[in-house]
Amino acid sequence: MNTFGTLFRITTFGESHGPGIGVVVDGCPAGLALTAADIQAALDRRRPGQSDLTTPRKEADQVEMQSGIFEGYTTGTPISLFIRNQDQHSHDYSHIEHAYRPSHADYTYDQKYGRRDYRGGGRSSARETAARVAAGAVAQKLLAQHGIQVSSYVSQVGAVAVPVGYEQLDLGLIESNPVRCPHPETAARMAELIRQTRDRHDTVGGLVTGVVRGVPAGLGEPVFDKLHSELGRAMLSINAVKGFEYGSGFAGVHLFGSEHNDAFYTDEAGQVRTRTNHSGGIQGGISNGQDIYFRVAFKPVATILQPQATINDQGEAISLAGRGRHDPCVLPRAVPIVDAMTSLVLADMLLRARANRA
Ligand SMILES: C=C(O[C@@H]1CC(C(=O)O)=C[C@@H](OP(=O)(O)O)[C@H]1O)C(=O)O
């Protein structure tokens with residue numbers, strides 16, 4: 001359905017070319033200082049038209065806070081956030097009313113529902129992620145109160161990859177360039193690749209790396225709602241995501257247990273730590289107090305502005321080229337979406353952990 005989370009729960013609604021999109025956040029504790037500016041800052045990082053590397057669709061994505069806040073604090077009641085659509089070009093989509101873009105959601109939505117809002121991809125549009133980002137900003141505010149810092153950055157575009165791990169980067173540089181890569185030299189090469197790809201009317205994919213610091217030990221549920229399974233579910237629900245790995249991930253298969261195990265020690269301050277962190281801060285599905293880190297793989301955007309072989313809804317072979325305004329690469333705008341989904345999972349787990357001990 002359209003709801004995510006157990007105790008910190010969001011329900012998103014709306015379509016890319018309808019009146020607007022929004023979210024109801026239920027379960028956020030009362031007494032959290034929250035303003036529209038907190039949410040707007042997150043939305044501004046995701047909105048379309050923010051640089052020449054993104055879709056040129058111009059949306060201000062101004063959030064309207066409709067409930068759940070009184071005198072600058074949450075009241076514990078549902079927080080409703082609404083964003084009006086203003087720059088829809090629905091005629092760009094008349095050619096797909098009866099045709100299926102390759103690798104988009106057009107065919108599968110038709111098969112599932114028997115009808116489809118084909119304008120801008122309707123509900124399957126990545127515009128839906130604005131609602132998640134708005135809700136994620138609320139979650140992030142709650143996490144900040146508990147000293148938990150969520151961040152993510154673009155670590156790869158096509159074959160251009162950041163040559164070092166997150167520990168060797170200054171994550172304060174994420175916003176220093178439009179790619180959102182904190183390694184400036186690599187960011188410039190990524191931007192160049194995205195521009196070349198756009199000019200060829202093609203698209204390119206890549207990786208976002210997520211990092212969460214300050215997580216206390218003990219967040220995550222046995223057995224099915226492990227912290228990493230919930231993070232994986234959250235990430236794999238983002239449009240265009242094809243893969244998720246945390247900690248050593250797929251590379252861990254190259255190590256023996258004697259190399260992979262993270263040795264415990266107690267530091268000078270009496271804190272339990274591990275010498276390595278192949279576990280990615282999660283053991284037994286529960287946070288162990290070390291950094292949580294993971295990677296999310298995004299495919300190249302499906303809609304490309306060049307003719308491709310496909311079929312129409314009568315099953316007849318046709319040639320179809322995408323029209324309108326699209327992202328040549330979703331990675332720069334995926335960063336705030338990954339931040340939002342990470343924050344939603346952790347906020348939910350933080351509230352759930354309160355039920356675990358007498
Ligand atoms: C509007 C956004 O991104 C859109 C995502 C999208 C798609 O097919 O997913 C198609 C384009 O929209 P449209 O052609 O309807 O203007 C993008 O601009 C957004 O992220 O806010």
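Whatever order the structure lists ligands and atoms in, that order sets their numbers, starting from 1. We're numbering straight along the sequence, starting at 1. What you see below is based on every heavy atom in this structure, not just the backbone, and it leaves out hydrogens, waters and symmetry mates.
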Side-chain atoms of residues 72-79: list all donor-acceptor pairs with protein atoms under 3.5 Å, sequence neighbours left out, distances to 0.1 Å.
{"residue": "Thr74", "atom": "OG1", "partner": "Pro29", "partner atom": "O", "Å": "2.7"}
{"residue": "Thr74", "atom": "OG1", "partner": "Gly31", "partner atom": "N", "Å": "3.2"}
{"residue": "Thr74", "atom": "OG1", "partner": "Leu32", "partner atom": "N", "Å": "2.9"}
{"residue": "Thr75", "atom": "OG1", "partner": "Gly68", "partner atom": "O", "Å": "3.2"}
{"residue": "Thr75", "atom": "OG1", "partner": "Thr77", "partner atom": "OG1", "Å": "2.7"}

Quiz item: Atom OG of Ser279 and atom CD1 of Ile292: how far apart are they, to the nearest 0.5 Å?
Solution: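 Here the interatomic distance stands at 11.0 Å.
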
Quiz item: Should Glu128 and Arg132 count as an ion pair when the cut-off is N to O under 4.0 Å?
Solution: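 Yes, Glu128 and Arg132 are salt-bridged.
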
Self-check item: Plane angle bin for Phe13 and Phe82 - parallel if under 30°, tilted between 30 and 60°, otherwise perpendicular
Solution: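 The arrangement is parallel - the two ring planes meet at less than 30°.
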
Practice problem: Would you please write out the protein residues whose heavy atoms approach any atom of ligand 1 to under 4.0 angstrom, listed by chain and number? | Solution: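 For ligand 1, the contacting residues are Ser16, His17, Arg46, Pro48, Thr55, Arg57, Tyr93, His104, Gly120, Ser125, Ala126, Arg127, Arg325, His326, Arg333.
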
Quiz item: What residues, two or more places apart in sequence or in another chain, satisfy side-chain contact (heavy atoms from CB on, under 4.5 Å) together with Gln88?
Solution: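 Listed in chain order: His17, Arg57, Asn85, Ser90.
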
Hey, can you pull the donor-acceptor pairs under 3.5 Å for the side chains in residues 213-227, sequence neighbours left out?
{"residue": "Asp225", "atom": "OD2", "partner": "Arg352", "partner atom": "NH2", "Å": "2.7"}
{"residue": "Lys226", "atom": "NZ", "partner": "Val223", "partner atom": "O", "Å": "2.9"}

